[in-house]
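Okay, so here's the structure we're looking at.
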Amino acid sequence: MKKIGYFILIVTLLLLSCEKQELIDDHISDKKIIHGKVLEKRNQGMTLELTGESKKRYSEKIHVSVPDKKMLEPIEEGQNISVWFDIIRESNPPQTKALKVEIIVTPN
């Protein structure tokens, strides 16, 4: 009888461990978003002129670095974008690292 119990326990554990686990925390918070207009695009980042609440909360301009140049490919100077960030480092102008970048499309 004990052997059947151990067998059922082992099979159950194996089936549970084979379940695909989803990423729960991607470290991107909807509370850490800044909005702005791209003033200058560089190799590893860009300079933004902050708009709306972002301007009131942080500064007028901010340097944003990116971990991957592919994030910058669709970005052009003059576009309005939203940037999800990690932390804002105090400097002049402030600096941050982009976790996600999204172009804001305005209707014509």
Side-chain angles (χ1 to χ4, degrees):
M1 190 68 171
K2 284 187 176 182
K3 290 182 182 181
I4 293 174
Y6 286 125
F7 178 75
I8 292 172
L9 179 65
I10 291 172
V11 170
T12 304
L13 290 174
L14 287 173
L15 289 174
L16 290 175
S17 66
C18 292
E19 182 180 331
K20 182 180 177 183
Q21 295 183 4
E22 295 181 25
L23 181 63
I24 295 172
D25 184 12
D26 59 3
H27 304 292
I28 297 177
S29 170
D30 286 338
K31 295 179 183 178
K32 290 184 160 188
I33 301 174
I34 52 175
H35 307 281
K37 181 178 181 179
V38 179
L39 295 178
E40 180 184 4
K41 180 178 166 183
R42 297 181 311 277
N43 278 342
Q44 291 293 324
M46 61 194 127
T47 301
L48 295 181
E49 177 183 8
L50 295 178
T51 57
E53 287 296 317
S54 300
K55 184 177 184 176
K56 293 176 187 174
R57 190 170 186 190
Y58 298 108
S59 174
E60 290 199 18
K61 293 182 184 177
I62 190 168
H63 287 294
V64 179
S65 64
V66 293
D68 185 4
K69 289 183 181 182
K70 290 185 179 186
M71 288 178 80
L72 287 174
E73 287 177 0
I75 307 293
E76 296 178 11
E77 291 180 0
Q79 287 180 320
N80 289 313
I81 63 171
S82 296
V83 176
W84 284 256
F85 63 92
D86 55 0
I87 60 171
I88 294 189
R89 291 148 194 89
E90 294 181 25
S91 61
N92 191 16
Q95 300 177 22
T96 191
K97 179 180 176 183
L99 302 173
K100 176 181 170 184
V101 177
E102 188 175 277
I103 299 169
I104 300 172
V105 180
T106 54
N108 291 330

Could you grab the distance from atom [atom1] of [X] to atom [atom2] of [Y], nearest 0.5 Å is fine?
X: Glu49; Y: Glu60; atom1: CD; atom2: CD; value: 7.0 Å
X: Asn80; Y: Thr51; atom1: CG; atom2: OG1; value: 6.0 Å
X: Lys61; Y: Gln95; atom1: NZ; atom2: CD; value: 14.0 Å
X: Glu53; Y: Ile34; atom1: CD; atom2: CD1; value: 13.5 Å
X: Lys3; Y: Ile8; atom1: NZ; atom2: CD1; value: 14.5 Å
X: Met71; Y: Lys100; atom1: CE; atom2: NZ; value: 9.5 Å

How far apart are the closest heavy atoms of [X] and [Y], and which atoms are they?
X: Lys97; Y: Pro67; answer: CE-CB, 3.9 Å
X: Val66; Y: Ala98; answer: CG1-CB, 4.0 Å
X: Ile88; Y: Pro94; answer: CG2-CB, 3.7 Å

Validation row: [X], [Y] side chains within 4.5 angstrom (heavy atoms):
X: Leu99; Y: Lys32; value: no
X: Thr96; Y: Arg89; value: yes
X: Glu40; Y: Glu77; value: yes
X: Ser65; Y: Gln44; value: no

Check: When clusters are formed by joining ILVMFWY residues with side-chain heavy atoms under 4.5 Å apart, either directly or through shared neighbours, do Leu50 and Ile104 land in the same one?
Finding: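 Leu50 does not cluster with Ile104.
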
Checklist line | Hydrophobic cluster identity match, Ile81 and Leu39, side-chain contacts under 4.5 Å | finding: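 No: no chain of side-chain contacts under 4.5 Å links Ile81 to Leu39.
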
Check: Pick from Val64, Leu72, Ile75, Val101: which one makes a side-chain contact (heavy atoms from CB on, under 4.5 Å) with Val38?
Finding: Ile75

Check: Should the pair Lys70-Glu73 be classified as a salt bridge under the 4.0 Å nitrogen-to-oxygen rule?
Finding: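 No, no charged N to carboxylate O under 4.0 Å.
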
Notebook entry, point to check: With no hydrogens and no angle check, do the side chains of Arg42 and Thr47 hold a donor and an acceptor under 3.5 Å apart?
Noted result: yes

